Number of protein chains: 2
Amino acid sequence: MPSNRQEVENNVKKQEIRDSARQMFLAFGYEKTSLAKIAKHAGVTANTIYWYFKSKEELFASVVEEIIQAFLTAFKTRKSESLRDNILWVISVLEVSRAFIVTIHEKSRTSQVIADVHQSFHDSLAEISEAYLLEKEMKPTEIKPYITLVGFVIEGILMHELDEKEKNDIVSLLEV
Amino acid sequence: MPSNRQEVENNVKKQEIRDSARQMFLAFGYEKTSLAKIAKHAGVTANTIYWYFKSKEELFASVVEEIIQAFLTAFKTRKSESLRDNILWVISVLEVSRAFIVTIHEKSRTSQVIADVHQSFHDSLAEISEAYLLEKEMKPTEIKPYITLVGFVIEGILMHELDEKEKNDIVSLLEV
DNA sequence: CTGTGCTCTTGAATGGCAATCAAGAGACAT
DNA sequence: ATGTCTCTTGATTGCCATTCAAGAGCACAG
């Protein structure tokens with residue numbers, strides 16, 4: 001319940017900052033992106049960021065959360081393709097954000113916020129995939145480790161520089 | 001060819017700094033370990049480190065290289081166990097250094113030195129494993145992607161917090 | 001139509017850090 | 001004893017995240 005018009009605009013500017021942050025983080029990496037740089041890109045002062053976000057880490061967590069939400073929404077509306085196509089689709093969608101994957105893991109060890117976002121991503125993904133693999137009649141005891149394994153392979157593919165053929169060959173090995 | 005006694009001692013102190021660095025990096029992580037902290041632990045001034053290493057990143061690269069060399073030496077003198085045992089062995093040996101894995105990948109994107117160390121590690125590992133898998137009569141075309149895949153799974157296991165059962169179940173899925 | 005309070009913005013610190021600089025101290029070779 | 005090389009250090013620089021203190025714009029109550 002906004003007490004004045006300003007608060008309505010609040011979210012607009014917050015989103016602008018988030019957008020700038022995402023672009024800068026992607027282009028230069030977390031460490032090499034200063035808040036001053038993000039602020040300049042967003043057309044505000046560095047201090048202003050602190051009104052909307054508690055810290056650089058929370059800003060990053062917020063950016064990541066947005067990406068994850070968008071991904072999960074898209075992922076839920078898909079499902080019924082072949083396993084192989086699903087995996088390749090996940091890889092191609094996350095491709096643009098691949099620079100974040102390492103940073104998320106790095107920050108997860110020192111930042112609770114990011115660890116939470118990271119964990120809940122893995123959980124959501126596992127939940128969706130489990131239903132899918134049950135339909136495909138995979139042995140129930142194998143489902144959980146298989147999901148984890150596929151997750152690791154996807155992360156690996158995204159974290160390393162591979163060409164299309166290499167990706168395809170690796171994904172082929174994942175078929176049961 | 002040392003021109004005086006000091007230069008003989010050189011490597012001793014350099015090694016002391018490297019040792020301190022390894023311990024501090026492992027305990028606190030790369031970002032949260034300042035050169036001052038390493039220096040204090042090694043009983044020198046922060047500036048002294050710069051005489052032995054060009055930068056914090058090079059110091060880190062040196063630490064990583066030492067670990068990798070030790071690992072590769074141990075790995076080469078093993079080999080003839082079952083595939084499963086070899087994979088589990090690699091995981092258990094790298095376990096103590098698991099905190100580094102993420103940092104190596106993170107730094108690889110901005111630091112040439114670390115990217116090189118990282119790349120040569122993957123290469124060495126692939127080379128050793130290829131010979132091993134040929135002996136085991138794996139189809140030659142499948143060997144390369146398989147090695148890469150196993151590498152990604154090992155990295156994944158080390159990067160995430162898993163209990164023994166989860167690890168074993170995942171490694172079981174890797175058997176051909 | 002004025003004062004009070006809320007949302008938002010900013011300039012100016014603060015403290016920490018990696019990296020550089022300039023000045024030396026100690027050991028050796030001549 | 002002198003110059004040179006190895007090594008060490010205090011002081012400095014410049015960047016950065018974060019905090020602080022002061023305000024500006026707006027809305028609503030009286």
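Nothing here was measured: the structure is a model prediction, and the numbers come from that model. Proteins get letters first, then strands, A, B, ... in listed order; numbering begins at 1 in each.
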Whole-Å distance separating the [atom1] atom of [X] from the [atom2] atom of [N]:
X	N	atom1	atom2	answer
Trp51(A)	dC8(C)	CH2	P	4 Å
Lys56(A)	dG16(C)	NZ	P	18 Å
Leu59(A)	dC16(D)	CG	P	16 Å
Ile49(B)	dC7(D)	CD1	C1'	14 Å
Lys107(B)	dA18(C)	NZ	P	11 Å
Ile17(A)	dC8(C)	CD1	C1'	11 Å
Glu58(B)	dA18(C)	CD	C1'	14 Å
Tyr50(B)	dT12(D)	OH	P	18 Å

Identify whether NZ of Lys or CZ of Arg in Lys32(B) sits under 6.0 Å from the centre of the six-membered ring of Phe25(B) and within 45° of that ring's axis.
no
Give me the residues of residues 31-46 of chain B where at least one heavy atom lies under 4.0 Å from an atom of DNA chain C, by number, or none.
Thr33(B), Ser34(B), Leu35(B)
Could you walk me through whether His105(A) and His105(B) pass ring-ring contact (aromatic ring centres under 6.0 Å, His included), step by step?
CA-CA 10 Å; His105(A) 287 90; His105(B) 286 90; 9.6 Å; no
Ignoring backbone atoms, establish whether Lys13(B) has a side-chain N or O less than 4.0 Å from OP1 or OP2 of dT6(D).
no
Any side-chain to backbone donor/acceptor pair from Lys37(B) onto Phe28(B)? Under 3.5 Å, distance only.
no
Is the side chain of Thr45(A) donor-acceptor paired with the backbone N or O of Thr48(A) at a distance under 3.5 Å, no angle test?
no
Determine, stepwise, if the pair Lys167(B) / Glu164(B) fulfils salt bridge (Lys or Arg N to Asp or Glu O under 4.0 Å).
CA-CA 5 Å; Lys167(B) 279 184 212 173; Glu164(B) 286 309 312; 3.3 Å; yes
Is there a donor-acceptor contact under 3.5 Å linking the side chains of Gln23(B) and Asp19(B)?
no
